[in-house]
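The model shown is predicted, which means the values in this text are computed figures rather than measured ones. First the proteins, then the strands, lettered A, B, ... as listed; each starts at 1.
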Amino acid sequence: MTNYLQEALGALFSNRLRTVLALLGLVIGVAAVVAIQVLGQATSGALSGSLRFMSQDTFIVLPDTQKGFDPKSMFTLADLAAINRMPNVVEAIPYTQLPVTARFGAQTAKLNVAPVGDDPRFLAQPLETGRPVTQGDVAARTPVCVISANAAEKLQADAAAIVGHALRAGDNHCTVVGVMRKAPTGAINFDFSPDILVPYTVFAREHMRGNKIFEAQVLVDDTSSMTQTERTVNDYLAGASNGKFKYRALDSHFFASILDKLFAIVSLVVGAIGAISLVVAGIGIMNILLVSIVERTREIGVRKAIGARKGQILLQFFLEAAALAVFGCSFGAVFGLLAGWYVNSHYLIKISGVIVPLQWEQSVILASVFAAVITLAFGTYPALRAARLDPIEALRYE
Amino acid sequence: MNNSRNAIDVRNVTKVYRSGSLEVEALRGVTFTIERGEYVAIMGPSGSGKSTLMNVLGCLDRATTGTYLLDGIDVSGLDDNALAQIRLKKLGFIFQGFNLLARTDAIKNVALPLFYAGVPPRERTQAAIKQLEAVGLGDRGKHKPSELSGGQQQRVAIARALVNDPAVLLADEPTGNLDSKTSVEILALFERLNAEGRTIIMVTHDENVASHAKRVLRMLDGLLVSDGPPAPLRHTEGDSLIKS
C-alpha cells in the first residue's frame, strides 16, 4: 500500500504545476466553506451574546394583529395598573419611544424619548453618574429623566455637568438626574435604545397625551413562571375587551427562536454553497486526472504489459485522486480556519464585544468528509478508465 | 507440463478481429514450437499478422481458437488478471520506443515489474542495480531516461525485461529507433543473453537484424510460410545496418 502511495505521490510531484492548479480550486472551495462555517457559528454566538439587550426577566405584551389592527385593541394606563397588581409582576410600563428635538443650553439634537419604570432592570446600561428614576418620581409624576451617554454626547454635555440641569425634550422639560454608561464599543445599536428616559407616568401625561397604549413591557420577579404570567396578562387584556381582541406576549425565548430560524437558513445557504464548491472542485480534479491518464496512456500500457493487474492500476490512480483530495482539503481547512480566525478576532469582536471561540473540530470533520466524497465521486471513474485501458492500444498510443 | 523442453508451443492459433459486420482474420492457423534457449526472429511485411502473433505470444491478446502453451502453461483460456500475472512472471518485453517511465530513474524503471510482483523496496532496488550492471549501466542507476542515450535507454529496458527472470524475452523491433552502431551493441547484448541461455523472440522487418537470430519464422497473410535459419548476409554488417 505504501508503495502505491509513493507511486501516486511521485506522479503528482513530477507534474507540480498541474497538481498545484488542481489543488487550487479545491483549496479555495474548502477554505471558503470552512471560513463561512466557522464565521457563521461565531456570528451566531456574537449575536446571541448581544441579544441580552432583551432582558431575560421582561416580556412585551401587545394586541394580536394577525387579523388586522383595530385601534380599540390598545389598552390604557388603568390596564397597566391592573397588570402591576398581578402576582409575579414587578412593574408594567408602556413600551414605545418618540422622536423629539432635544435642547440643552444652545445645543439641539434629534433624540428619542421613552418611558421607564423605577426598577433599574429597565435601563439598557448601568448608570455612570447620578441616580435612577425612583418610585417617588413615578408616583408623583416628577418631570425627571435619565439620559444615555449618546444623548449627553450629542448635546455636547459632560455627564457629571448635565446632572441636575433641565433639558428640553420636544415641548416639555425634564431635570436630568442620571446619565447611563456608554454601551460597549461596537455593540450592535438596536433601534430600541432610547436616549431620554422619563417616568412612564410623566411620559403618559406629556407625550402620549391620553393616547392608548399599544405595547407594554412587563418585568417579572420569577422568570421560571414567566410563561404563566404572560398567559394571565393576555387573558386579563382579552377579558377587558370582552373577548373581542386577543393579545400575545414576546419574550427573549421568542426572539431567540427567530434568531435560530435565521441561522438555520444561513446554514442551509452555506451548505448549498459548500455542495456547489465541492462539485466544482471535484470536476476540476476529475478533469486533471482524465488529462493525466490520456497523457500517460503509453505509460499505463507499459505498466500493464509488464504485468500490472487492473486492480493495481486502479489503486494507483485512485490514490492519486485521494492524495489530491486530502492535500486540497487539508490546506483548504487550514486557510479557511485562518481566515475565520482573522475575521473573528479583527471584525466580529467589534460587533459583539465578545470573542466566540471558533469550532475548528467541526471544520476538520467537514474537510475530511469533503476529501472522502471527492475521492469517491470524482476519482473512481478516471481510475476505472485507466484500469480498463487495453494494453495493446495503450502501447500504440502516440 | 506437457512438453518441458518447449518455451513456446502454439497449435492452430487463429485470431479474428470483428468490427461491426467486418471480420479480419489476422492469424489463420499458426502452429510452431520454440524450445528453451532459442533465438528466433519473426519476420513479415506489414499486415502479415506478425504483430498479432507477437501480441498473442506476449499474452496481451487471446487467440480466437487454438492453444498456446507458454513455458508449459496453457494460457489460452486465462482471464485478464491471470494473463497479467503470466506477463509478470514469465515474460520480458522490449519495445521499439524503449517505453521507459520518463520521470523515473533507471533503477526504479528496472524495478517496476518487481513492484507489481510485491517485492519489498530494498530487494527491488538491489535486483535492479544487479540487472543494470549486467547490461553495463551500473553507473547510470540514478539517471532519468532523458539523461541517457538511445542505446542506454534500450539497455535499461532490457534490464527491466530481465529483472523478473522471464522464461521468454519478447523484443518488438528493438533496434528500430537506434543508429547502426548502437544497434550492433544491442544485438550483441541479445546474443550474449542467448548464449547465457535466454529464450529470445524478436519481431523485425530488417533481414540483417533477423540474421543475428538462429532461426527465422516468416509470416504472410496470417500464415507461417517459412521456418528456418536466417538468410546469409548480403553486405558487411556495419554497412547493412545503416538505416535509410
Open item on the list: Can you see whether T14(B) engages T64(B) through a side-chain donor-acceptor pair at a distance of less than 3.5 angstrom?
Closed with: no

Open item on the list: Any carboxylate oxygen within less than 4.0 angstrom of a Lys/Arg side-chain nitrogen, looking at E299(A) and R103(B)?
Closed with: no

Task: Part of L60(B) lying under 4.5 Å from any heavy atom of chain A - done: both

TODO: Could you tell me which of R296(A), K310(A), R309(A) has the largest number of non-hydrogen atom pairs under 4.5 Å with chain B?
DONE: R309(A)

Task: Side-chain donor-acceptor pair present, D206(B), T204(B), cut-off under 3.5 Å - done: no

Open item on the list: Report which part of D80(B) has an atom under 4.5 Å of a heavy atom belonging to chain A: side chain, backbone, both, or neither.
Closed with: side chain

Open item on the list: Quick test of your reading of the model: are K90(B) and D71(B) salt-bridged, counting only N-O distances below 4.0 Å?
Closed with: yes

- [ ] Heavy-atom distances under 4.5 Å only: say whether E393(A) touches chain B with side chain, backbone, both or neither.
- [x] neither

Open item on the list: Tell me which one of L395(A), L389(A), V294(A) satisfies side-chain contact (heavy atoms from CB on, under 4.5 Å) with I300(A).
Closed with: L389(A)

Open item on the list: Need one label for P121(B): side chain, backbone, both or neither, based on atoms under 4.5 Å from any heavy atom in chain A.
Closed with: side chain

- [ ] Heavy-atom distances under 4.5 Å only: say whether R298(A) touches chain B with side chain, backbone, both or neither.
- [x] side chain

